[in-house]
Amino acid sequence: MRKIALAAGFLLRLGYRTDRRRLFTAIALMTVGYLATPLIGVVLAAFTNAAIGRDGTVVVLLALAAALLLVFELTMMHFAHLSYFELGDLEQLALTDEVAAIVNGSAGIDHFDDPRFVEALTLVNENLIRVRNALESTLQLGGVVLQIGLTAVLLVSVDPWLVMLPLAALPPVLLSNRAQRVVDDAQEAAAVDIQVSRHLVKVATTGSSAKEIRLAGAREAVISRQRAAWAATTGRLRRAHLHSALLRAGGQVLFAAAYGTAIFLVVRGAVRGEANIGQVVLVLTLAVQVSVQVAGLLGMLGTLQQMGRTVARIDLLRQLTAGPGAPAIGPVRPAAASPPTSAQAWGPAGGKAVSRTPARLRRGIRLEQVSFAYPGADEPVVRDVSMEIPAGSTLALVGENGAGKSTLVRMICGLCQPTSGRITVDGIDLRELTPDQWRSRVATLFQDFARFELLLRENVGLGRPAAVDADQEIMAALDRAGARGIVRRVPGGLDGLLGHSYGDGMELSGGQWQTLGLARTLMRRDPLLVALDEPAAALDALAEHALFERLVNTAAGVRGERGVITVFVSHRFSTVRAADQIAVLRGGRLWELGSHDALMSANGLYADLFTVQANAYR
């Protein structure tokens, strides 16, 4: 029952915030409609007695009263439906926005790697479309409670024992709650299989992966795996629904027994002369209404119980994105307090900065014993990394896959907070800055760059949203990225649509999408950090070399002015060797650090990796 109360309270509060006029209108109309139903039984009882007594005037008046109550019952519910139907849609939109804000409003992104978060988000998205039905059930539940209360009073007026008929609704309600828990538990247990099934459907129907599946002859294997995951899901849910149906049927059998007993008592009373025919009609009418009420009540409670779990999962999402304890942490000094966990939010308490982002870098970025572990992981992916990146320098990160390069870039950019240790910018701990303070001075391009299927100007302009309509700035960024040719090819130029997801736009190659991503990065006016995580993965060696030359030249123009630092990850050592410093990572640890010449002279891991790749080109 707690989840039902949680869902009902949540939806009513959300409705009040969203559109209180529609909410109160629906409540008022439904109250009139629901109270009219049992009163029809009272009028019919009086009508029956008047007809037997041949009182024509009273019969006509009572017939009109019954007709009026029927009109109230039907029309009030119809107009209430119009109000709460629209309100339900508004609540669904508001809740969808709230979930999106929770998911994307966190300072960090490490919650996306938490299985609990992914599972909860999957189930929440499954049930968001049922918000309108849940609101309808909430309002109807209130109406049914009023009906049952009035019905109980009317039944007691005939025979005190008849109060047991509404009370007989309790066993079906309790068994229905138990039945819904069985279904909900099965849905949670099937969440992983649902995710696998959806993933495989997406893989099999997305152009970028479908071609690989066909060429590899893996179509049947993918379909078979998807069917197995779906079969596991449906099998689990089918068994749960069967168990649930048996529990509900048991509750209905108990109520049917109580229903039959009530009819027997009133008929026996009429035979003995203890009740008139009108009272028999009243009890029969109310008994039928109670039966309908109980049947509807079970469905409403099931819907609300499911919605209650959705509300609880939204709270879980909020907790996982906010981290344990307070929603934000205060400034942390290494000697005064232990660093926060990675799940905690960036920034000082209250969201107010303790320090200011420097206008230019004078000393650079320093990592002090930095480690990071993803939520639920047994081992950290970055361990005790310490290094200094001087202002105005370039740093290349190299190492095998899984060495921790991308995670280190994320931490330097402020997307993840170290599990231990700290990162400083000109001596300022990043935790003394709000997330937006530091990120507004960071320009990034990742290997899993976004492909915004929007207008070309929007695709680039999102690098600095305030400049989406500034054609000169967008074209300047495209020029620096070497992407002016894309503008000429796209019908409509800057106002041309990209992609085919929802319109007849122009599809680009992987390299072209990446070049637009670079232009988006270059929209930042005054970055202090340019971070590039394998930005040229989709480009050939010559294109990559040209790309990095442009980046180096662009950065060189502002190094003396702002001390901009460039950090990049690349597997091509012909590019890496141009960096001022090269950090070699192995198993999450900083293995080697130095210039290309120094590392080659050391004849260590970097020299081995460089030699292997160089030999491959000979």
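Keep in mind it's a predicted model, so treat the numbers as computed, not measured.
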Is it true that a side-chain atom of [X] and a backbone atom of [Y] form a donor plus acceptor pair closer than 3.5 Å?
X: Ser601; Y: Asp597; result: yes
X: Asn459; Y: Leu455; result: no
X: Thr310; Y: Val124; result: no
X: Arg441; Y: Pro358; result: yes

Under a 4.5 Å cut-off applied to non-hydrogen side-chain atoms, are [X] and [Y] in contact?
X: Phe372; Y: Gln417; value: no
X: Phe117; Y: Leu317; value: yes
X: Leu128; Y: Leu95; value: yes
X: Val398; Y: Phe610; value: no
X: Ile486; Y: Leu478; value: no
X: Ile423; Y: Pro418; value: yes
X: Trp230; Y: Ser197; value: yes
X: Leu395; Y: Asp580; value: no

Leu367 and Val370: CA distance, side-chain angles, deciding distance, side-chain contact (heavy atoms from CB on, under 4.5 Å) verdict: CA-CA 6 Å; Leu367 285 73; Val370 169; 3.9 Å; yes

Taking all atoms of both residues into account, what is the closest heavy-atom pair of [X] and [Y], and its distance?
X: Leu585; Y: Ala403; value: O-CB, 3.6 Å
X: Val569; Y: Lys405; value: CG1-CE, 3.6 Å
X: Met506; Y: Pro491; value: SD-CD, 3.9 Å
X: Ala232; Y: Asp193; value: CB-OD2, 3.6 Å
X: Trp438; Y: Cys413; value: CD1-O, 3.5 Å
X: Thr394; Y: Ala578; value: OG1-O, 4.3 Å

CA sep, side-chain torsions, deciding dist, call: Phe568, Val409, side-chain contact (heavy atoms from CB on, under 4.5 Å): CA-CA 8 Å; Phe568 65 90; Val409 170; over 6 Å; no

Derivation of the side-chain contact (heavy atoms from CB on, under 4.5 Å) call for Leu532 and Thr444: CA-CA 6 Å; Leu532 308 163; Thr444 61; over 6 Å; no

CA sep, side-chain torsions, deciding dist, call: Arg318, Glu98, salt bridge (Lys or Arg N to Asp or Glu O under 4.0 Å): CA-CA 10 Å; Arg318 191 176 286 109; Glu98 183 174 343; 2.7 Å; yes

Spacing of [X] atom [atom1] and [Y] atom [atom2] [to the nearest 0.5 Å]:
X: Ile314; Y: Gln319; atom1: CD1; atom2: CD; answer: 12.5 Å
X: Asp426; Y: Leu528; atom1: CG; atom2: CG; answer: 8.5 Å
X: Arg422; Y: Glu432; atom1: CZ; atom2: CD; answer: 7.5 Å
X: Ser595; Y: Ile582; atom1: OG; atom2: CD1; answer: 7.0 Å
X: Tyr606; Y: Leu599; atom1: OH; atom2: CG; answer: 6.5 Å
X: Leu462; Y: Leu516; atom1: CG; atom2: CG; answer: 11.5 Å

Under 3.5 Å, which donor-acceptor pairs do the side chains of residues 381-392 form with other protein atoms, sequence neighbours left out?
unit_1: Arg383; atom_1: NH2; unit_2: Glu379; atom_2: OE1; d: 2.9
unit_1: Asp384; atom_1: OD1; unit_2: Ser371; atom_2: OG; d: 3.3
unit_1: Ser386; atom_1: OG; unit_2: Gln369; atom_2: N; d: 2.8
unit_1: Ser386; atom_1: OG; unit_2: Gln369; atom_2: NE2; d: 3.1
unit_1: Glu388; atom_1: OE1; unit_2: Arg366; atom_2: NH1; d: 2.8

Residue pairs involving residues 487-502 (criterion salt bridge (Lys or Arg N to Asp or Glu O under 4.0 Å); sequence neighbours excluded):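 Listed by first then second residue: Arg457-Asp495.
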
Cationic N near anionic O, under 4.0 Å, Asp479 to Arg484: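 Yes.
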
Ionic contact status for Glu91 with Arg17, cut-off 4.0 Å: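 No, no charged N to carboxylate O under 4.0 Å.
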
Arg451 atom CZ: more than 12 heavy-atom contacts under 6.0 Å: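 Enclosed: over 12 neighbouring heavy atoms sit under 6.0 Å from CZ of Arg451.
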
Crowding at CG, Asp504 (>12 non-hydrogen neighbours, <6.0 Å):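 No, not enclosed.
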
Worked check of side-chain contact (heavy atoms from CB on, under 4.5 Å) between Val567 and Leu397: CA-CA 7 Å; Val567 177; Leu397 298 175; 4.1 Å; yes

